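Below is one structure, written out as structure tokens; the observations come after it.
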Amino acid sequence: AGMNGTAIENFVCVIFNVSFMNCTWHVGRTASEDTQYFLYWKISSLHQKTSGKEDFTECQNYIEDNCGRHTGCRFQNVTIENKKADFLVNGSRSGQNFQSYNTTIILYRIEKLTPPLNVTVNCTEASHSCEIQWQPPRTSHVKKRACFKYEIVIENK
């Protein structure tokens with residue numbers, strides 16, 4: 001339902017620094033400057049069935065464009081382990097019906113990992129070799145070190 005082109009476009013979420021998440025979107029192609037969008041979301045287990053809208057909570061920290069329209073949301077204390085999130089974005093403008101947007105995201109798939117920690121390099125001239133050591137990046141959901149793959153780029157300077 002609602003006027004064509006009023007639903008948001010390019011909805012993207014990224015989790016960073018272990019528990020922070022930003023979700024952003026572009027306003028609908030036919031949305032006017034006085035259009036406002038509202039994001040609702042809920043977290044559930046990957047194996048849990050989705051229920052009604054009453055479980056959704058509204059974004060508490062919106063990102064706004066130059067016109068004051070909501071174009072994203074900042075979240076804190078997001079836990080990833082074995083969870084998914086359902087998102088619903090509605091638009092409003094007096095006297096107009098808007099198309100809503102909804103999607104489900106498996107949270108571990110959108111995490112941007114921190115760099116490896118405590119990187120040390122010890123080189124010896126006598127053996128013309130270097131030993132490089134590090135610890136895995138911080139994450140809230142990966143418990144096994146073997147889950148990580150690393151790439152080392154060595155530049156000869």
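Since we're looking at a predicted model, the values are computed, not measured.
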For a 4.5 angstrom cut-off between non-hydrogen side-chain atoms, does [X] reach [Y]?
X    : Y    : result
I132 : Y150 : no
T35  : V27  : no
R69  : Q36  : yes
C13  : F87  : yes

For [X], check side chain to side chain donor-acceptor pair (under 3.5 Å) against everything at least two apart and list the hits.
X    : result
S92  : none
T120 : none
T71  : none
N122 : none

Problem - Pairing residues for F38 by the ring pair (Phe, Tyr, Trp, His ring centres under 6.0 Å) criterion, not counting sequence neighbours - result: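 In terms of ring pair (Phe, Tyr, Trp, His ring centres under 6.0 Å), with neighbours along the sequence ignored, F38 is linked to H70.
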Pairwise distance [atom1]([X]) to [atom2]([Y]) - rounded to 0.5 angstrom:
X    : Y   : atom1 : atom2 : result
N90  : T6  : CG    : OG1   : 10.0 Å
T103 : K84 : OG1   : NZ    : 11.0 Å
N102 : I8  : CG    : CD1   : 9.5 Å
H26  : N10 : NE2   : CG    : 5.0 Å
T24  : R74 : OG1   : CZ    : 10.5 Å

Handout entry: N66, CG atom: more than 12 neighbouring heavy atoms under 6.0 Å
Key =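 Not buried by this count: 12 neighbours or fewer within 6.0 Å.
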For the residue pair [X] and [Y], what are the closest heavy atoms and their distance?
X   : Y    : result
A85 : W41  : CB-CE3, 4.2 Å
A7  : S100 : CB-O, 4.2 Å
D86 : S44  : OD2-OG, 4.1 Å

Test of understanding: clusters of I, L, V, M, F, W, Y form through side-chain heavy atoms closer than 4.5 Å, transitively. Do [X] and [Y] belong to the same one?
X    : Y    : result
V121 : I154 : yes
V89  : Y62  : yes
L88  : V78  : yes
L107 : F56  : yes
I105 : Y108 : yes

Handout entry: With sequence neighbours excluded, residues passing salt bridge (Lys or Arg N to Asp or Glu O under 4.0 Å) with R29
Key =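 Checked R29 against salt bridge (Lys or Arg N to Asp or Glu O under 4.0 Å); matches are E9.
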Exercise for the section: Kindly write out the residues that satisfy salt bridge (Lys or Arg N to Asp or Glu O under 4.0 Å) with E58, not counting sequence neighbours, or none if the list is empty. Expected result: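 Once residues adjacent in sequence are excluded, E58 has no partner under the salt bridge (Lys or Arg N to Asp or Glu O under 4.0 Å) criterion.
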Practice task
Using atom types as modelled and distance alone, determine if a side-chain donor or acceptor of Y37 lies under 3.5 Å from a backbone N or O of G28.
Solution key: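 Checked: pair present.
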Problem - Under the disulfide bond (SG atoms under 2.5 Å apart) test, residues paired with C67 that sit two or more places apart - result: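 Checked C67 against disulfide bond (SG atoms under 2.5 Å apart); zero matches.
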Side chains of residues 15-23: which donor-acceptor partners sit under 3.5 Å, not counting sequence neighbours?
none

Handout entry: F11 and W25 aromatic ring geometry - parallel, tilted or perpendicular at 30°/60° bounds
Key =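 It falls in the parallel class, under 30°.
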Problem - Side-chain cluster (under 4.5 Å, hydrophobic types only) that V14 belongs to, other residues - result: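 Listed partners: V12.
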Problem - disulfide bond (SG atoms under 2.5 Å apart) contacts touching residues 110-144 (sequence neighbours left out) - result: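 Every disulfide bond (SG atoms under 2.5 Å apart) pair that includes a residue of residues 110-144, provided the two are not neighbours, is C123-C130.
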Practice task
Can you tell me which residue pairs pass the salt bridge (charged side-chain N to carboxylate O under 4.0 Å, His left out) test with a partner in residues 102-131, sequence neighbours excluded?
Solution key: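 Of all non-adjacent pairs touching residues 102-131, none passes salt bridge (charged side-chain N to carboxylate O under 4.0 Å, His left out).
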